[in-house]
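Here is the structure we will look at.
Quick note on labels: first sequence line is chain A, next is B, and so on, each numbered from 1. The figures that follow rest on heavy atoms only: side chains count, while hydrogens, waters and symmetry mates do not.
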There are 2 protein chains.
Amino acid sequence: MSKPKLGDVAARAGVSPTTVSRVLNNRGYLSQRTREKVYDAMRELGYRPNAIARSLKGQRSRMVGLVFPTVANPFYAEMVYRIESFLADAGYRVILCNSDDHPDLEEQYFEMLLSNQVDGIITGAHSQVVANLPHVQAPLVTVDRPGTQKYPNIRADNYAGARMAVEHLVATGARNILHITSTVSEQNLRLAGYRDALTAAGMTPQVLELGFRTPLPRKRELIERYLKESTAGERADAVFASNDTYAAMALNWARTRNLCVPQDFQVVGFDGTETVRALIPELATVVQPIEQIATRAVQRLLQTIESGRQGRPDDTPSPHESDKEQQGSTADVFPVHLHEGGTLRAITVSS
Amino acid sequence: MSKPKLGDVAARAGVSPTTVSRVLNNRGYLSQRTREKVYDAMRELGYRPNAIARSLKGQRSRMVGLVFPTVANPFYAEMVYRIESFLADAGYRVILCNSDDHPDLEEQYFEMLLSNQVDGIITGAHSQVVANLPHVQAPLVTVDRPGTQKYPNIRADNYAGARMAVEHLVATGARNILHITSTVSEQNLRLAGYRDALTAAGMTPQVLELGFRTPLPRKRELIERYLKESTAGERADAVFASNDTYAAMALNWARTRNLCVPQDFQVVGFDGTETVRALIPELATVVQPIEQIATRAVQRLLQTIESGRQGRPDDTPSPHESDKEQQGSTADVFPVHLHEGGTLRAITVSS
DNA sequence: ATGAAAGCGCTAACAT
DNA sequence: ATGTTAGCGCTTTCAT
């Protein structure tokens, strides 16, 4: 028999399908003898319950969709790794979607996930697609960047992190601090932190915007050209980058030019993934607590899923919805810390 | 209505469920008018087909399971990213499983995937669990390391890559070449390549084995201690590492010690992911064609899935099974190339 | 060109 | 403590 089904087990054990189902789910009254008979039959047949059928019947799939730009980026990779691990522990499977920062793809993926009856979605996608989802049928949690107020957002304190990094640079005496980022926008809190810190110090922001979907080699070119030009006139002596890859590129450029790091040129990145810290331990960076963010995102999602399963027999919005969201928006910002590698000078206590 | 179903659409359009299904699947004869009526009804209701129900009925889920040690490792991250992209293009969704090099977890994941009726599995898991899977009901393709002869294996030419790297080191005049690897075993072809190259050059292999599940910081300690000891007595002047992370750690150690790279100390890694090459472009490494491997793995899987869907009404093994596998085992090894970064000396043509 | 009815594999009332 | 029955949402013969 190719794929034994519950009925086959029942027949073999000489009981009804219901009984087998009960054994499977450990529900209701079962005599010990029956249990054993059923287990034996299962083993003999190599029975494996069909999760698809269970989902259809039970109105829950125990699947969660993950929509992120690309797991090829270490930050998202570690995030996805963590999220998957926590969800697996909780008995959920994960459908992975790499949206490549592409709004169309993102939307398709959301459609697909809902079609697949996922119990929830965690997304760190960049575009505003999330905000425009009409009524998503599944609980949704955003990570890293707030797509909208409609859903809880879990993230690091990007603004504080950026400010801390730039203020540190200022304190070390850097006079000409450049910023490299993917995209310039209102929501870019790292950029905001940089700007505010610079302005407070009486300096002028200088920002290089690379775009999200620019290929890596091209980004590298852009960074090198920008640095070359910036060091030509008024000499740039520090870079604060919105992620570690850009920071590494700046650092590599400086080394190629035989600039003395950190004496003549300082670099600070953002993210502080384990990957990058293992590869370039000397790179100073603002470290995000990825594991904490992941844990919290999963918690929030699971609690929404569970609460949704009990109450709300119809589509009446649950009472505390807005409260919960407010909670979410404010409480789910995690502190970061500055990893002071060799690419950043220590602050000398001035007298 | 919370979640409109096919029947609701039918009612609204004034047709039978069958007709709606036909429109959905674009099958059979449909009048243009009917088509439009149905489409309108779908739009008005915000209908979204239930993929779970489709799977149950259709005996195919269009889901593929991915079992890899951890997507937190850039190599697997890029592999998974590529595989997911190709599969998405082909209309398949991906269930991601991080097995953490843990045989028990691996086994659980395989069980889970089969329970979820995946149409196939692609795995780069380390353990031998794959070999012992009794009769996996789904097509399976292994990637990177051959778990067994039972399934096709797609990978880079690890042996040739290692040999090439080590022979290059020998040719540059390195006299004391260490190897750092995760695990020493018969199947470790990078290790084999290293050994053979060294032996051929009349040198003695010296291998540091770190283990798979050792935490990164601990690995770093082990590497540094090993290098310290090795440079104390007979001075080590080169490291060939089985991946770029180990290579980077060796490199960082050398820099800390103010060894001149590559004059006094050379380093070559393995994998050559885009991530690492962006972060440490100067690191010499054996580059695997990840995208090619991913494409081929997906191709192989899809072709097996498709072929399985037509013939074979029962569980008779399909006739050409062994042939296909032989093909797979031999033809699916991809050539690598050596990226000569600044951590490797050029070969001087001797007279 | 369209519809009726059965069933994919499982679970949950509702019996007994 | 166990069995009967209906049905989750969809597709698919087999009619008409």
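If you take NZ of A/Lys3 and C1' of C/dC10, they are 14 Å apart, rounded to a whole angstrom. Rounding to whole angstrom units, NZ of residue A/Lys5 and C1' of C/dG7 are separated by 11 Å. Taking atom CG on B/Leu24 and atom P on D/dC10, their separation rounds to 8 Å, with Å as the unit. Taking atom CG of residue A/Leu6 and atom P of nucleotide D/dG3, one finds them 12 Å apart after rounding to whole Å. The distance between atom CG of B/Leu56 and atom C1' of D/dC8, rounded to the nearest whole Å, is 9 Å. Going from atom CG of B/Asn50 over to atom C1' of D/dG7 covers 14 Å, rounded to whole Å. A/Asn25 has its CG atom 13 Å from the P atom of C/dA13, to the nearest Å. Here D/dA1 presents its C1' atom at 14 Å from CG of A/Asn26, a figure rounded to the nearest Å.
Looking at heavy atoms from C-beta onward, B/Val118 lies out of side-chain contact with B/Val64 at the 4.5 angstrom threshold. Residues A/Ile52 and A/Ser55 form no side-chain contact, since every pair of their non-hydrogen atoms from C-beta on lies 4.5 Å or further apart. Proximity of A/Asp332 to A/Asn153: side-chain heavy atoms (C-beta onward) are nowhere separated by under 4.5 Å. You'll find the side chain of A/Ile83 reaches within 4.5 Å of the side chain of A/Phe68, heavy atoms only.
Residue contacts for B/Ile52: at a heavy-atom cut-off of 4.0 Å it reaches no nucleic acid atom on any strand shown. No contact: A/Ser55 has no heavy atom under 4.0 Å from any strand. Base engagement by B/Ser21 is indicated by at least one non-hydrogen atom pair under 4.0 Å involving a base atom. Using a 4.0 Å heavy-atom criterion, one finds that A/Val20 contacts no nucleic acid atom at all.
Considering only side-chain atoms of B/Arg54, the nucleotide from D/dG3, D/dC10, C/dC8 that sits closest is D/dC10. Side-chain proximity of B/Tyr29 to D/dC10, C/dG9, C/dT2: nearest is C/dT2.
Looking at B/Lys5 and B/Asp8, no side-chain N of the basic residue comes within less than 4.0 Å of a carboxylate O on the acidic one, giving no salt bridge.
Between D/dA1 and A/Ser31, no contact under 4.0 Å exists linking OP1 or OP2 to a side-chain N or O. Between D/dG9 and B/Tyr47, no contact under 4.0 Å exists linking OP1 or OP2 to a side-chain N or O. Contact check, B/Thr34 against C/dT2: a side-chain N or O comes under 4.0 Å of OP1 or OP2. For the OP1/OP2 pair of D/dT11 and a distance below 4.0 Å, the side-chain nitrogens and oxygens of B/Gln59 include no atom meeting the criterion.
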Requested in this report: For the pair A/Lys3 and B/Gln117, evaluate side chain to side chain contact (heavy atoms under 4.5 Å, CB included) and give the outcome as yes or no after the intermediate values.
Outcome: CA-CA 11 Å; A/Lys3 274 200 190 179; B/Gln117 313 301 115; 3.2 Å; yes
Report task. Would you check, one step at a time, whether the test side chain to side chain donor-acceptor pair (under 3.5 Å) holds for A/Asn25 with A/Arg54? Result -> CA-CA 11 Å; A/Asn25 297 287; A/Arg54 261 126 95 79; 3.2 Å; yes
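Here CG of B/Asn98 is found 6.0 Å from OH of A/Tyr81. Values are rounded to the nearest 0.5 Å.
Place B/Leu30 and B/Ala53 on DNA chain C by their nearest nucleotides, and B/Leu30 ends up nearer the 5' end.
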Strictly under 3.5 Å: I want the nitrogen or oxygen pairs between protein and nucleotides 4-6 of chain C, one per line.
unit_1: C/dA4; atom_1: N7; unit_2: B/Thr18; atom_2: OG1; d: 3.3
unit_1: C/dA4; atom_1: N6; unit_2: B/Thr18; atom_2: OG1; d: 2.8

